[in-house]
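Working notes, beginning with the structure itself.
So that the names make sense, note that chain A is the first sequence line, chain B the second, and so on, each numbered from 1. FYI, side chains are in, hydrogens and waters are out, and symmetry mates aren't considered; it's all heavy atoms of this structure.
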Protein chains: 2
Amino acid sequence: MSDHTAPYHHGDLRQALLSAARDALERNGPASLSLRDLARQLGVSHNAPYRHFADRDALLDALSAEGFARLAEALQQARGATAAERVAAMGQTYVAFADAHPGLFALMFQPVDATARPETQPVAARTLEFLRAGIREVTGDEDPVDVATLWALVHGLSALRANAHQLFMEPTMIRAVTARAAEALVQRSRVTR
Amino acid sequence: MSDHTAPYHHGDLRQALLSAARDALERNGPASLSLRDLARQLGVSHNAPYRHFADRDALLDALSAEGFARLAEALQQARGATAAERVAAMGQTYVAFADAHPGLFALMFQPVDATARPETQPVAARTLEFLRAGIREVTGDEDPVDVATLWALVHGLSALRANAHQLFMEPTMIRAVTARAAEALVQRSRVTR
DNA sequence: ACCTGAACACCGTTCAAGT
DNA sequence: ACCTGAACACCGTTCAAGT
């Protein structure tokens with residue numbers, strides 16, 4: 001007989017729930033994520049998740065916060081020969097993240113009342129800091145309009161890429177847009193300097 | 001006694017459902033829109049909606065298609081002294097739409113498989129045509145990278161504005177971004193011409 | 001084109017009583 | 001920190017039999 005000591009207590013149910021939820025998120029989207037279904041998949045009782053999350057929203061909050069943390073990590077690792085190229089690389093990274101995890105991206109930026117995501121908010125703010133820092137490197141001092149423009153541009157590319165309409169952007173188009181935007185940023189910083 | 005001839009047949013249940021659904025969408029978002037709840041609000045039986053919509057997805061599809069049609073209408077009415085100002089006005093219109101109907105905007109651009117929205121797709125494609133036409137007026141011939149850039153920029157502003165994070169854009173910032181983008185579009189069209 | 005009413009397989013959430 | 005098991009108030013969806 002094998003030593004399948006079916007554990008009475010689950011090893012790390014919290015992590016197992018988050019992991020299973022990440023998969024479910026990419027398969028069916030945030031709307032149809034079910035706590036009971038996750039419990040079934042993991043072989044625990046339907047109310048076991050409530051030992052780790054107050055309710056369904058708390059699980060979604062944790063997933064969302066985790067998503068922002070991973071996005072920040074990815075942005076931090078973007079590299080480029082020049083500052084402008086690094087900003088372009090950050091843009092590519094942002095879009096690539098949405099492309100790789102569209103369900104998670106949708107969850108992160110879903111319009112819900114912000115009070116339902118207390119854990120997410122500080123992590124999201126921290127993520128935006130990396131975009132700010134990158135732009136500051138290019139332009140010297142940081143123009144808030146530049147920050148808003150680049151963030152909106154990159155977020156728009158991501159959202160249009162992640163959604164399911166036939167209208168989404170091709171990867172080559174995304175590269176062209178981000179490259180041109182980074183170039184424009186450098187040119188204006190030369191003029192105004 | 002008043003003549004409240006409580007109608008056995010509802011006057012126009014289809015329109016009444018769509019109207020009630022639009023309200024519910026803005027109150028609680030797309031996820032928690034319930035057919036049974038709509039039926040209750042309208043005083044009809046819980047399965048009456050199935051006379052007009054095959055299922056819940058069909059109702060969401062109809063709402064989404066209607067949303068794109070209204071957005072197209074609004075974009076068409078954008079005016080400006082110059083072509084560039086008209087493009088900027090279209091950008092403002094797009095963002096204002098998301099701002100006025102965040103629940104509907106979220107529904108329209110939610111990542112679901114496109115097959116679940118057959119009615120929406122052609123109307124969405126038609127909407128994009130108005131952005132294309134506006135840009136063509138500014139640049140003479142239409143650069144696909146310009147189209148993609150402006151659409152992504154405006155969509156990103158809208159999405160960040162419509163979502164519930166503390167990070168959203170202020171209206172003054174949105175005006176600054178769209179104005180500068182339109183200006184940049186004009187300047188490059190002069191250089192390359 | 002609606003109604004009533006029952007039914008099925010789901011949900012999230014909360015108990016009570018166990019180990 | 002889990003379990004079983006029951007319970008409550010919801011869902012979407014599909015019947016059957018009416019008007």
Interatomic distance at C1', D:dA17 relative to C:dC2, whole Å: 13 Å
Test: A:E73 and A:R70 ion pair at under 4.0 Å: no
Plane angle bin for A:F109 and A:F68 - parallel if under 30°, tilted between 30 and 60°, otherwise perpendicular: perpendicular
Atom-to-atom span, CG of A:D55 to C1' of C:dG12 - whole angstrom: 9 Å
Watson-Crick/G-U partner (both atom distances under 3.5 Å) of D:dT4: C:dA16
Salt bridge B:R79-B:E85, side-chain N to carboxylate O under 4.0 Å: no
D:dC10 - base-pair partner by Watson-Crick or wobble geometry, distances under 3.5 Å: none
Check: A:T120 side chain, A:D61 main-chain N or O, donor-acceptor pair, under 3.5 Å: yes
Reading 5' to 3' through nucleotides 4-11 of chain C, protein heavy-atom contacts under 4.0 Å coded B for base, S for sugar-phosphate only, - for none: BBBB---S
Rounded distance (Å) that lies between atom P of D:dC2 and atom CZ of A:F53: 11 Å
Nearest-nucleotide 5' precedence on DNA chain D, A:H52 against B:Y50: A:H52
d(CG, B:D12; P, C:dC2) in whole Å: 8 Å
Electrostatic pair B:D146:A:R180 at N-O distance under 4.0 angstrom: yes
Residues B:E170, B:R161: salt bridge by 4.0 Å N-O rule: no
Atom pair distance, as rounded to whole Å: CZ in A:R51 and P in C:dT19: 17 Å
